[in-house]
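Comments concern the structure below.
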Amino acid sequence: MSNLEALLLGIVQGLTEFLPISSSGHLILVPWLQDYTFLQTHEAFNKTFDVALHFGTLVAAVGYFRVEVAVLTRGFLQAARQRAIRTQQQRLAVAIAIGTVPAVIAGGLGSSFIDKHLGEPWMIALQLIFFGALLGYADRMPQRRNLDDTELRDGWYIGLAQVLALAPGTSRSGITITAARWLGLDRDAAARFSFLLLIPAVAGATLFKAASAVHEGLPSGVAGPMVVGTIAAAVSGYLAISFLLRLVRTTSYRPFVLYRYVVGVAVLLIIATGLRPATF
């Protein structure tokens, strides 16, 4: 892999991890469109590079929400020590912890099935369209609550929805924002809860994949592309968070819904015309 290819995939990862358009789906579709099979044919490097990209987006999220992360971590530890929830910050911290559990369990039990049976371009196209429509519908719900009004059950319901994001094309941020809007959180609160929920989920997945990659042995000559990809994912991810939070203060999630429709239909047309195969 060249540094330029690593740069492209790092930017794609950073932008699509936080924008509700599916990072895993785009990381399959972009190489598919380019007939770029290096990651597919070099599994050891693919796993290592995936860890690097996710670490980059984790750095972006923690860097942007560093104050909130410190406050919520302290709140969770206080609630655990007191065995009681006494403040709204503690309630939000526990809600995020609860929301992390379903995806951790589902990811641990179903990772091999997901890798083998999900993620074909035609599947991604259909999921982009379907879950885009679901986001558009949920975003028309009334904005009744802000982040301070988050309840423990919100974390559970949003966490259950996050399980669906294990399938490429769904979008982790997209499905969690959809669930949050469905529950009545306003657009800004939905995005913030989604991004805060992403931090423990991505941190856990990154540690798990990193341990697996180290156990299987790191391939040689990967340092350059990994550094480039990590930095690109971190910078583009930080910019994506800032852009989305500014956007939803003045408008809806409709631009992302339309984008998902366009990409999904385009992929299906490319397959239907025979320009690219339906599978990768």
Side-chain angles (χ1 to χ4, degrees), residues 13-26 57-58 60-61 64-65 68 72 92 95-103 106 124 127-202 205 236-264:
Q13 167 69 19
L15 293 179
T16 57
E17 183 70 59
F18 298 104
L19 303 182
I21 55 178
S22 179
S23 63
S24 57
H26 278 74
T57 54
L58 179 63
Y64 192 93
F65 293 105
E68 290 89 339
L72 292 175
L92 177 58
I96 290 171
I98 291 173
T100 304
V101 173
I124 293 171
Q127 288 178 199
L128 284 170
I129 295 170
F130 175 78
F131 287 105
L134 201 62
L135 173 60
Y137 180 81
D139 195 37
R140 292 194 291 273
M141 297 287 184
Q143 301 187 71
R144 297 182 284 105
R145 298 185 290 148
N146 58 36
L147 197 61
D148 289 337
D149 299 321
T150 304
E151 300 292 341
L152 297 184
R153 65 175 181 271
D154 295 325
W156 176 246
Y157 292 140
I158 297 172
L160 287 175
Q162 186 175 219
V163 172
L164 298 174
L166 295 171
T170 302
S171 173
R172 187 195 310 273
S173 60
I175 196 63
T176 51
I177 288 172
T178 297
R181 290 290 295 115
W182 200 290
L183 293 169
L185 292 178
D186 63 41
R187 294 185 177 108
D188 181 75
R192 289 179 180 276
F193 191 94
S194 171
F195 296 154
L196 291 170
L197 181 63
L198 174 145
I199 292 173
V202 172
S236 59
Y238 192 96
L239 294 175
I241 295 172
S242 179
F243 167 74
L244 181 62
L245 292 178
R246 285 202 307 269
L247 181 70
V248 298
R249 293 189 188 106
T250 58
T251 187
S252 68
Y253 288 98
R254 183 172 175 78
F256 304 107
V257 174
L258 296 177
Y259 174 85
R260 293 177 67 116
Y261 288 163
V262 170
V263 173

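Any value given below was found using the heavy atoms of this structure, including those in side chains, with hydrogens, waters and symmetry copies removed.
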Taking the side chain as everything from C-beta on, heavy atoms only, tell me whether [X] gets closer than 4.5 Å to [Y].
| X | Y | answer |
| --- | --- | --- |
| Phe131 | Thr178 | no |
| Arg145 | Leu183 | yes |
| Leu185 | Asn146 | no |

Show me the pairs that pass ring-ring contact (aromatic ring centres under 6.0 Å, His included) and involve residues 137-175, at least two apart or across chains.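 Matches after skipping sequence neighbours: Tyr137-Trp182.
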How close do [X] and [Y] get, counting heavy atoms only, and between which atoms?
| X | Y | result |
| --- | --- | --- |
| Ala191 | Leu245 | CB-CD2, 3.7 Å |
| Ala61 | Ile199 | CB-CG1, 3.7 Å |
| Leu128 | Ile21 | CD2-O, 3.4 Å |
| Ala60 | Gly237 | CB-C, 3.8 Å |
| Pro168 | Gly25 | CB-N, 4.1 Å |
| Ser22 | Ser171 | N-CB, 3.2 Å |

Hey, is the main chain of [Y] close enough, under 3.5 Å, to the side chain of [X] for a donor-acceptor pair?
| X | Y | value |
| --- | --- | --- |
| Thr170 | Leu164 | yes |
| Ser173 | Leu19 | yes |
| Ser194 | Ala190 | no |
| Tyr253 | Arg187 | yes |
| Asp139 | Gly136 | no |
| Thr150 | Leu147 | yes |
| Thr100 | Ile96 | yes |

Indicate whether the side chain of Gln162 and that of Thr176 have a donor and an acceptor atom separated by less than 3.5 Å.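 Checked: Gln162/Thr176 side chains show no N/O donor-acceptor pair below 3.5 Å.
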How many angstroms lie between atom [atom1] of [X] and atom [atom2] of [Y], to the nearest 0.5 angstrom?
| X | Y | atom1 | atom2 | result |
| --- | --- | --- | --- | --- |
| Leu244 | Phe18 | CG | CZ | 10.5 Å |
| Ile124 | Ile129 | CD1 | CD1 | 12.5 Å |
| Leu247 | Phe256 | CG | CZ | 5.0 Å |
| Leu197 | Ile177 | CG | CD1 | 11.0 Å |
| Tyr64 | Leu239 | OH | CG | 10.5 Å |
| Glu68 | Leu92 | CD | CG | 9.5 Å |

Go through it in stages, so that I can follow the logic: the residues are Arg181 and Arg140, the test is side-chain contact (heavy atoms from CB on, under 4.5 Å), and I'd like the CA-CA distance, side-chain angles, deciding distance and then a yes or no. CA-CA 8 Å; Arg181 290 290 295 115; Arg140 292 194 291 273; over 6 Å; no
I'd like to check the salt bridge (Lys or Arg N to Asp or Glu O under 4.0 Å) partners of Arg260; sequence neighbours left out, ordered by chain and number.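 Residues passing salt bridge (Lys or Arg N to Asp or Glu O under 4.0 Å) with Arg260: none at all.
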Partner residues of Tyr259 under the ring-ring contact (aromatic ring centres under 6.0 Å, His included) criterion, sequence neighbours left out: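 Applying ring-ring contact (aromatic ring centres under 6.0 Å, His included) to Tyr259 gives His26.
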More than 12 heavy atoms of other residues, nucleotides or ligands under 6.0 Å from CZ of Arg254: yes or no?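 Atom CZ in Arg254 is not crowded, with 12 or fewer foreign heavy atoms closer than 6.0 Å.
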